[in-house]
Amino acid sequence: SMPLIAAAEMTFNHTITGEALDLSNAEGTDTPAAKHFLETGENLYTEVPNCLAEGEQTFLASCSGCHGHVGEGKIGPGLNDDYYTYPKNKTDKGLFETMWGGARSMMGPHSDLGVDESLKVIAWIRHFYKDDPAEATWLTEEQRKTFKPYDAEHPTSVEATGDCKVPEG
Ligand code: HEM
Ligand code: CA
């Protein structure tokens with residue numbers, strides 16, 4: 001039989017200090033999407049319609065007070081455009097690290113959400129992106145072909161029609 005090769009553990013680092021983030025006691029690590037993310041840095045919830053609604057609700061509860069309802073920016077910077085103060089936030093791994101460990105000033109850590117819920121929030125943030133899909137490097141090439149940027153006249157909310165299930169890896 002094939003030898004088993006241990007997957008290299010990814011390390012996650014604080015956006016400002018670079019210190020390793022401790023995920024050893026993290027909540028929400030046992031879903032297929034969380035396991036896949038912790039091994040690869042890829043978010044399987046991206047553009048999965050039935051997985052977006054929950055991320056939207058959590059974003060509204062935990063993030064929109066500072067970043068605006070669709071990430072248009074408020075006391076915190078806009079999260080719906082192609083500019084990030086910290087360029088690594090254009091990757092899902094980087095965005096996760098910023099959410100989990102926080103950044104400067106009012107941007108505190110949001111590790112209380114746990115890994116799985118954070119991934120749903122990240123998918124929602126990616127969904128309300130309003131700029132050129134060509135700059136949306138967090139999408140797969142396939143997703144970039146069909147992605148429709150958010151447009152205020154065409155609300156971006158997505159009704160779930162069934163359970164949130166990720167594509168088989
Ligand atoms: C910065 C996400 C909650 C205030 C950021 C950045 C991200 C982010 C990705 C970096 C943006 C960039 O690189 O341009 C989130 C998410 C939240 C959340 C997903 C909810 C889970 C909050 C809350 C506040 C806040 C509740 C206010 C109390 C700020 C501020 C910055 C920031 C002031 C700028 C910090 C800096 O430049 O170092 N946030 N945020 N955020 N956020 Fe949040
Ligand atoms: Ca921005």
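We count ligands from 1, going down the list as the structure has it; atoms in each ligand are counted the same way. Residue numbers count from 1 along this sequence.
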Close-contact set for ligand 1 against Ile125 heavy atoms, below 4.0 Å: 19 (C)
To 10°, measure the O(Tyr83)-the Ca ion (ligand 2)-O(Gly78) angle for me. 140°
State whether Lys90 and Glu135 are salt-bridged, where the test is any N-O pair (Lys NZ or Arg NE/NH1/NH2 against Asp/Glu carboxylate O) under 4.0 Å. yes
Flag Leu79 as yes if one of its N/O/S atoms falls below 3.0 Å of the Ca ion (ligand 2), otherwise no. no
Heavy-atom donor-acceptor pair, Thr58 side chain to Gly55 backbone, under 3.5 Å: no
Is any N, O or S atom of Tyr84 under 3.0 Å away from the Ca ion (ligand 2)? no
Could you tell me which atoms of ligand 1, counted from 1 in the order shown, lie closer than 4.0 angstrom to a heavy atom of Ser105? 33 (C)
Which atoms of ligand 1 sit under 4.0 Å from any heavy atom of Leu95? 9 (C)
Within the 4.0 Å heavy-atom shell around Arg104, which atoms of ligand 1 are there? 35 (C), 36 (C), 38 (O)
If you count the atoms of ligand 1 from 1 in the order shown, which ones are under 4.0 Å from a heavy atom of Ser62? 3 (C), 20 (C), 26 (C)
Aromatic rings Tyr129 and Phe147: how do their planes relate, parallel, tilted or perpendicular, breaks at 30° and 60°? tilted
Do NZ/NE/NH1/NH2 and the carboxylate oxygens of Lys93 and Glu97 come within less than 4.0 Å? yes
Listing protein N, O or S under 2.8 Å around atom 43 (Fe) of ligand 1 gives His67 NE2, Met107 SD
